[in-house]
There are 2 protein chains.
Amino acid sequence: MSTARTPTIRDVAARAGVSKSLVSLVLRGDPGVSEARRTAVSRAIDELGYRTNRVAQALGTRRSNAVGVLLNDLRNPWFVDLLTGLTATLETVGLSTVLVDSATTRRVGGSPVDKLLQQQVDGIVVVGTTEDDEELRRAATLVPIVLAGTYEPAGLGSDVVVNDDVDGATAATEHCIELGHTSVTHLRGPGHVGELREQGYRGAMSRAGLTPVVVPGGMSEESGYAAARRALAATDRPTAVVAYNDLAAIGALSAAHDLDLRVPEDVSIVGYDNTYLATIRHLSLTSVDNGTMAIGLQAARWLSERIDGGVRTGRVHRVPASLVVRRTTSAPPRS
Amino acid sequence: MSTARTPTIRDVAARAGVSKSLVSLVLRGDPGVSEARRTAVSRAIDELGYRTNRVAQALGTRRSNAVGVLLNDLRNPWFVDLLTGLTATLETVGLSTVLVDSATTRRVGGSPVDKLLQQQVDGIVVVGTTEDDEELRRAATLVPIVLAGTYEPAGLGSDVVVNDDVDGATAATEHCIELGHTSVTHLRGPGHVGELREQGYRGAMSRAGLTPVVVPGGMSEESGYAAARRALAATDRPTAVVAYNDLAAIGALSAAHDLDLRVPEDVSIVGYDNTYLATIRHLSLTSVDNGTMAIGLQAARWLSERIDGGVRTGRVHRVPASLVVRRTTSAPPRS
DNA sequence: CTGTTAGCGCTTTCAT
DNA sequence: ATGAAAGCGCTAACAG
């Protein structure tokens with residue numbers, strides 16, 4: 001397609017009548033360059049429409065200025081929301097992001113983490129619970145890793161940026177209890193995050209003298225649907241459901257619908273993550289806001305810090321969680 | 001972080017007792033390499049944990065084996081659905097994808113297209129209507145471009161992969177008409193795609209002898225909400241709404257809800273794109289399936305074809321559209 | 001079949 | 001303040 005060869009730093013140098021190195025200095029905004037040369041070079045750059053070749057740059061500096069973002073399922077809106085804060089912050093410090101949907105990549109063969117390393121990413125942020133623990137372990141010896149919204153893989157000395165899952169789940173559960181619910185079921189999710197949320201739920205229940213009921217589920221809508229369907233079909237069905245995340249909660253919403261249970265009149269449902277799905281007025285899901293933006297921002301900060309600093313200790317940043325009450329929760333039906 | 005220097009092809013060569021080039025040949029699976037050498041090299045590779053440096057490779061071959069994917073808003077589930085088919089297909093031919101959310105990138109300064117070119121992508125696929133026409137024009141002289149789900153920018157000789165928008169919108173509209181609706185409003189979206197869908201709507205309306213009513217909207221939930229709110233608040237409000245896409249339709253759903261109109265009893269709503277949002281049982285949106293997967297697949301095929309072939313003519317692939325009836329449409333209320 | 005020799009476009013000492 | 005030269009890790013002719 002190219003009309004001519006695309007101009008290189010060498011062409012610019014020739015045109016400006018200077019050396020390659022000088023151009024490089026100007027490009028990098030080095031202060032010790034005479035004004036005359038600087039403008040000459042800048043002119044040449046404009047005239048030729050020069051664009052720096054990041055690939056060559058990366059090879060030379062052994063710095064790609066790219067970070068890998070590993071996530072599980074782009075269809076989970078929480079990931080997408082987080083991505084916004086994450087990439088925006090990374091961009092501002094000159095880092096671009098290489099997104100890898102680990103499920104998709106793995107399916108067509110090839111380890112997602114390996115792919116990132118081959119591309120010489122300067123660091124990796126793992127978003128949410130993924131299934132690449134083994135490879136991440138190895139990767140951690142090569143590049144800094146920060147975990148966003150997950151604790152796994154643990155023990156790598158990576159930084160961890162999460163919300164207060166115990167707190168959030170507690171708030172969700174207590175909200176139901178305060179509304180008068182005594183039969184509240186929890187749809188548990190995967191990973192340590194799943195455990196913490198379960199823990200929050202259990203704590204709230206036992207403090208209220210209620211019996212916890214936990215149903216294992218997943219992080220997708222389907223799994224939420226399946227789990228909720230089972231729970232709600234029972235004769236002693238709960239009057240409230242605290243789900244692992246919004247997706248699962250929406251699955252629960254569907255399950256309720258299919259069983260002819262009205263929400264919130266017959267059954268209350270609480271999600272987690274406060275994604276835009278929850279805000280869709282037509283769903284209007286009560287959900288726990290886990291500070292998605294703040295998480296993305298902090299993860300980006302810490303990663304870039306590690307990339308050009310030498311931070312070695314694993315830090316944990318815990319963003320507060322807060323409940324957002326919408327229209328899927330209310331007092332239980334009087335039986 | 002690195003324990004030692006990460007091994008290069010040179011280290012492998014030394015360890016296997018051969019030359020760099022021989023290793024390169026083995027890596028590339030060249031048939032003309034003696035079995036003995038091949039195994040020796042493979043062993044060395046394993047032992048050292050060698051990983052090819054794609055950056056160096058790209059510089060040498062002037063082929064990054066990466067394609068840029070330009071899109072507008074990751075929160076639009078259609079993009080995400082399309083991405084699945086697209087990246088999966090690209091991976092199978094050895095191309096990785098560099099995702100760029102053009103809105104985000106632009107916000108933090110810097111042209112998304114330029115960024116891609118600097119990274120030496122071998123091609124670009126534009127997903128949906130974006131706002132980078134000018135830059136894409138320039139980029140088109142450098143790398144092949146294929147448009148997926150959009151016609152813009154036009155006249156670049158790019159391939160275009162779309163669904164049959166006129167047909168789809170016609171089907172959506174006729175569905176309403178057949179249900180008995182006589183007052184059907186269309187929420188128009190942006191770009192040529194928006195025009196085509198409007199055209200399909202208008203055609204169906206006039207063939208049925210009905211008066212078309214078109215309200216300008218956007219492609220987001222908010223804009224759909226705003227547009228629908230206006231339309232449905234009128235005294236002569238429509239009994240059916242054909243939206244530009246699912247997101248807008250969901251906005252319309254919310255608007256109806258806010259106005260105490262039941263869906264579908266008081267007002268029917270049809271979306272477009274048949275995203276997973278439409279399939280959420282609790283929304284259960286009647287929507288036009290535009291063959292998202294097929295579009296992604298074809299776009300990937302054509303792009304890779306252009307990258308290593310020399311196809312020059314702009315081709316158009318039009319995937320058939322089909323209506324999926326769910327629970328947001330029914331006969332109009334008898335007035 | 002295998003090794004040698006140049007680069008790819010940029011950065012980076014090190015002189016000047 | 002500026003230039004020359006030596007790489008970064010890989011591929012690509014070209015010899016042998």
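Worth saying up front: this structure is predicted, and the values here are computed from it rather than measured. Per chain, numbering begins at 1; letters A, B, ... match sequence-line order.
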Q) Is the side chain of A/Tyr276 donor-acceptor paired with the backbone N or O of B/Arg75 at a distance under 3.5 Å, no angle test? A) yes
Q: Indicate yes or no for a side-chain donor-acceptor contact from B/Asn72 to the backbone of B/Thr129 under 3.5 Å, with no hydrogens or angles considered.
A: yes
Q | C/dT12 OP1/OP2 closer than 4.0 Å to side-chain N/O of A/Thr61 | A | no
(Q) Counting C-beta onward and ignoring hydrogens, is there a side-chain heavy-atom pair between B/Leu147 and B/Val161 closer than 4.5 Å? (A) no
Q. Where do B/Arg138 and B/Glu134 land on the salt bridge (charged side-chain N to carboxylate O under 4.0 Å, His left out) test, with the steps shown first?
A. CA-CA 7 Å; B/Arg138 284 184 287 120; B/Glu134 232 358 280; 5.2 Å; no
Q | Test salt bridge (charged side-chain N to carboxylate O under 4.0 Å, His left out) applied to B/Glu135 and B/Lys115, step by step | A | CA-CA 11 Å; B/Glu135 295 164 2; B/Lys115 249 197 68 174; over 6 Å; no
(Q) In this structure, how many angstroms lie between the P atom of C/dT13 and the CG atom of A/Leu25, rounded? (A) 12 Å
Q | Interatomic distance, A/Gln120 CD vs D/dG9 P [rounded to whole Å] | A | 9 Å
Q) Quick one: B/Asp11 CG to D/dC10 P, roughly how many Å, whole number? A) 9 Å
Q) Rounded to the nearest Å, what distance is computed from the CD1 atom of residue A/Ile9 to the P atom of nucleotide D/dG3? A) 12 Å
**Q.** Comparing B/Arg62 and A/Arg38 on DNA chain D - which has the more 5′ nearest nucleotide
**A.** A/Arg38
Q.
Without decimals, in angstroms, what is the distance between A/Gln119 CD and D/dC8 P?
A. 22 Å
Q) Name the one of B/Glu131, B/Glu152, B/Met219 that satisfies side-chain contact (heavy atoms from CB on, under 4.5 Å) with B/Pro190? A) B/Met219
Q: Consider the side chain of A/Ser24, meaning its heavy atoms from C-beta on, and name the nucleotide among C/dT11, C/dT2, D/dC10 that approaches it most closely.
A: C/dT11
Q: Calculate the interatomic distance between B/Asp30 atom CG and D/dA13 atom P; express it in whole Å.
A: 13 Å
Q | DNA chain C contacts among residues 39-55 of chain A, heavy-atom distance under 4.0 Å | A | A/Tyr50, A/Thr52, A/Asn53
Q. Has A/Arg10 got a side-chain N or O lying under 4.0 Å from the OP1 or OP2 atom of C/dC10?
A. no
Q. Can you tell me how far C1' of D/dT2 sits from CD of A/Glu35, to the nearest Å?
A. 16 Å
Restricting to nitrogen or oxygen on both sides, can you table the protein-nucleotides 4-7 of chain D pairs closer than 3.5 Å?
unit_1	atom_1	unit_2	atom_2	d
D/dA4	N7	A/Ser21	OG	3.4
D/dA4	N6	A/Ser21	OG	2.9

Q. Separation of A/Leu59 atom CG from C/dT12 atom C1', in whole Å?
A. 13 Å
Q) Roughly how far, to the nearest 0.5 Å, is the CD1 atom of B/Ile45 from the OG1 atom of B/Thr39? A) 11.0 Å
(Q) Testing A/Asp101, A/Asp132, A/Thr130 one by one against A/Arg106 for a side-chain contact (heavy atoms from CB on, under 4.5 Å), which residue passes? (A) A/Asp132
Q) Is the distance from OP1 or OP2 of D/dC8 to the nearest side-chain N or O of A/Arg63 less than 4.0 Å? A) no
Q. Any idea which of D/dG9, D/dG3, C/dC10 is nearest the A/Gln57 side chain?
A. C/dC10
Q.
Quick check for you: among C/dC10, C/dT2, D/dG3, whose closest atom lies nearest to any side-chain atom of A/Val18?
A. D/dG3
Q.
Using a heavy-atom cut-off of 4.0 Å across all strands, would you classify B/Leu22 as base, sugar-phosphate, or nothing?
A. sugar-phosphate
Q) Do B/Arg301 side-chain atoms and B/Gly296 backbone N/O form a donor-acceptor pair below 3.5 Å? A) no
Q.
Considering every strand and a 4.0 Å limit on heavy-atom distances, what is the contact class for B/Thr8: base, sugar-phosphate, or nothing?
A. sugar-phosphate
Q | Candidates D/dA12, C/dG9, D/dG9 - which lies nearest the side chain of B/Arg28 | A | D/dA12
Q) From B/Leu297 CG over to B/Thr292 OG1, what is the distance, rounded to the nearest 0.5 angstrom? A) 12.0 Å
